[in-house]
Amino acid sequence: MQNQNEIRMNKITTLVLSVSAFVCLSGQQQMSLQDCELAFQKNNLQLLAAQYNINMADADIIQAKIWELPQISGYVNAVNPQDKKVFDVGRAKGAEITQLIYLGGKKKNEIQFAKSNKELSQLQFNQLLVDLRSQLRETYYNLVYEQKKQISIDGQLKYMNELLAAYKIQTDKGNISLKDFVRLQSIVIQLNNDRIEINNNILGFQQNMKVLTGSSERIIPSLSKPEENEILVSQPFGDLEILQEKALANNADYLYNLKLIDNSKLYAQWQKSLNTPNLNLGAEYDQASGTFNNEINLKVGIPIPLWKVNKGNVEKAKYAIQQNEKNSEYQKLNLQTQVESAYQTWKNQYDQYFELKPIDLENLETVYNGILKNFRSGNVSLIDFTDFMESYRQTVLQVYEMKKQIMISAEQLNQLVQTKIFY
């Protein structure tokens, strides 16, 4: 009977553990960087909303092509004093129709300006796409290495907690000094602090990934060792000067400022054309009040250009051209400086990491495993053990941080140059 109860309890325990594991896994999904980018392009709400700016610019072009509606008016007799009649419609009525004719190329200039605005909207969208994609990639790399840090810290913490528990028993028995126990405890406290900080970082990056990809589940990054090594060893094609030239040719934010000059010139041309008077052209029918009965007349009306009615807006448009020219000069200098800084940052990170040889990292793990084994065997003193564990903890975190910063700095350089530069 007791065996049957134990078997039943084992089955229940297995079922509970299985359900718990399913619940833990059901709220997350493993995704490669390419998977995340596809989800980003499909689901990112900020990107989808920005797309409507281009649609609205198309609507502005349609609107610019539309002419004023023709106007029709008419009259009928209200009082006929001669025959003493009211509403003598049969003997006195008339009608006219007029159309506003744009002169001076107004409509053409307005349409060109609207088309230029669409080009600006497209460049703004392109820049937003680049910025958000770079943010996605940086967040992904942050997640990769924060989770690697977490795994390493969890492994060290598991070992140290077991060791600390054993030391606690021996300290309570008086076999080990309290000083030795506290020395180990300080390492555990530091590892716990690292773990909390790393977990908080992961939580923040997971939040960003959900927003960027439009996913409601936690995303677990999947970056294989060959993919990681390929990214780490890749270098930008060309020297700094070539990278700056590529940035000036491809950076959407800089191209936007260049296009803004053309846009302001088109606007100035449009405003200048508004000084040209428009023509009102129409036809009129009059039954009896004109020179002839049932006469049809041609009507032409145009304002007298005694002064320029749009002079202020023309002056304002000229200043806008000059302002945009200065802004583009600043943006050019700023972009070149940013590329130089990003390139140097990447190079510093790259050189720092590759000063380490693969054998150095292998030796670190070999020594770590050896220290753990020899400490349990009593061949390593507590002071040497704790000193090494502190050094190992810092070194592992720094190595992962160096790898992460290489990828992030490379992505920041990509964000500025906006063309394939790493091979």
Side-chain angles (χ1 to χ4, degrees), residues 138-139 141-206 220-221 223 225 228-229 231-232 345-346 348-409:
E138 289 181 26
T139 303
Y141 296 142
N142 272 303
L143 268 178
V144 167
Y145 288 105
E146 289 300 313
Q147 290 186 351
K148 287 180 181 293
K149 291 178 186 178
Q150 184 186 53
I151 292 171
S152 177
I153 292 297
D154 283 348
Q156 296 175 59
L157 195 55
K158 181 177 183 297
Y159 177 85
M160 292 302 299
N161 276 327
E162 293 173 354
L163 186 62
L164 187 64
Y167 262 66
K168 172 64 174 172
I169 295 172
Q170 296 302 316
T171 301
D172 291 342
K173 292 180 179 180
N175 297 330
I176 295 177
S177 69
L178 182 61
K179 181 180 69 174
D180 291 342
F181 174 78
V182 171
R183 184 184 291 273
L184 285 177
Q185 191 178 44
S186 66
I187 295 180
V188 173
I189 291 173
Q190 182 60 59
L191 287 170
N192 274 315
N193 287 337
D194 289 340
R195 189 174 186 274
I196 290 173
E197 181 180 354
I198 291 169
N199 285 341
N200 288 339
N201 290 339
I202 290 175
L203 179 62
F205 294 134
Q206 286 288 359
I220 306 301
L223 186 67
K225 194 68 177 177
E228 178 187 25
N229 291 333
I231 296 172
L232 288 172
T345 299
W346 168 83
N348 291 340
Q349 298 290 347
Y350 184 88
D351 292 343
Q352 180 189 23
Y353 175 73
F354 282 99
E355 284 180 0
L356 295 171
K357 302 295 185 290
I359 190 65
D360 297 330
L361 300 178
E362 293 176 9
N363 289 340
L364 179 64
E365 292 303 315
T366 301
V367 173
Y368 172 70
N369 293 324
I371 288 289
L372 296 185
K373 180 179 179 181
N374 282 285
F375 179 70
R376 285 186 179 276
S377 302
N379 298 326
V380 176
S381 68
L382 178 63
I383 294 177
D384 289 340
F385 173 75
T386 54
D387 286 346
F388 174 80
M389 289 299 292
E390 176 62 21
S391 176
Y392 175 80
R393 179 189 68 82
Q394 293 179 2
T395 301
V396 169
L397 294 180
Q398 288 171 356
V399 168
Y400 285 139
E401 189 66 22
M402 282 191 289
K403 288 182 177 181
K404 181 180 74 175
Q405 291 303 325
I406 289 175
M407 294 184 179
I408 289 179
S409 58

- Query: Excluding sequence neighbours, so at least two apart, what forms side chain to side chain donor-acceptor pair (under 3.5 Å) with D154?
  - Reply: R195
- Residue list, side chain to side chain donor-acceptor pair (under 3.5 Å) with N200, at least two apart or on another chain: none
If we only count heavy atoms from C-beta on, is the [X] to [Y] side-chain gap below 4.5 Å?
{"X": "I202", "Y": "F205", "value": "no"}
{"X": "Q156", "Y": "I187", "value": "no"}
{"X": "N201", "Y": "N142", "value": "no"}

Result block: side-chain N/O donor-acceptor pairs under 3.5 angstrom for residues 354-364, not counting sequence neighbours:
from, atom 1, to, atom 2, distance (Å)
D360, OD2, K357, N, 2.9
N363, ND2, I359, O, 3.2

Report the residues that fulfil side chain to side chain contact (heavy atoms under 4.5 Å, CB included) with [X], sequence neighbours left out, ordered by chain and then residue number.
{"X": "E228", "answer": "Y145, K148, L223, K225, L232, K403, M407"}
{"X": "V367", "answer": "I371, F388"}
{"X": "S377", "answer": "N379"}
{"X": "D387", "answer": "I383"}

Donor-acceptor pairs under 3.5 angstrom involving side-chain atoms of residues 391-401: please list them, not counting sequence neighbours.
from, atom 1, to, atom 2, distance (Å)
Y392, OH, E365, OE1, 3.2
Y392, OH, E365, OE2, 2.9
R393, NE, E390, OE1, 3.4
R393, NH1, D194, OD1, 3.4
R393, NH1, D194, OD2, 2.4
R393, NH2, E390, OE2, 2.6
Q394, NE2, E390, OE2, 2.7
T395, OG1, S391, O, 2.8
E401, OE1, K149, NZ, 2.6
E401, OE1, K404, NZ, 3.2
E401, OE2, K404, NZ, 3.4
E401, OE2, Q405, NE2, 3.0

- Task: Scan residues 177-193 for pairs that pass salt bridge (Lys or Arg N to Asp or Glu O under 4.0 Å), counting only residues two or more places apart or in two chains.
- Result: none
- Among pairs that include at least one residue of residues 373-383, which meet salt bridge (Lys or Arg N to Asp or Glu O under 4.0 Å), considering only residues two or more places apart or in two chains? none
- Item | Any residue meeting salt bridge (Lys or Arg N to Asp or Glu O under 4.0 Å) with D172, in chain and number order, not counting sequence neighbours | K168
- Query: So, for S177 and T171, which heavy atoms are closest and what is the spacing to 0.1 Å?
  - Reply: O-OG1, 4.2 Å
- Message: For F375 versus L163, what's the shortest heavy-atom pair and its separation?
- Response: CE2-CD2, 3.5 Å
- Who passes ring pair (Phe, Tyr, Trp, His ring centres under 6.0 Å) against Y167, sequence neighbours left out? none
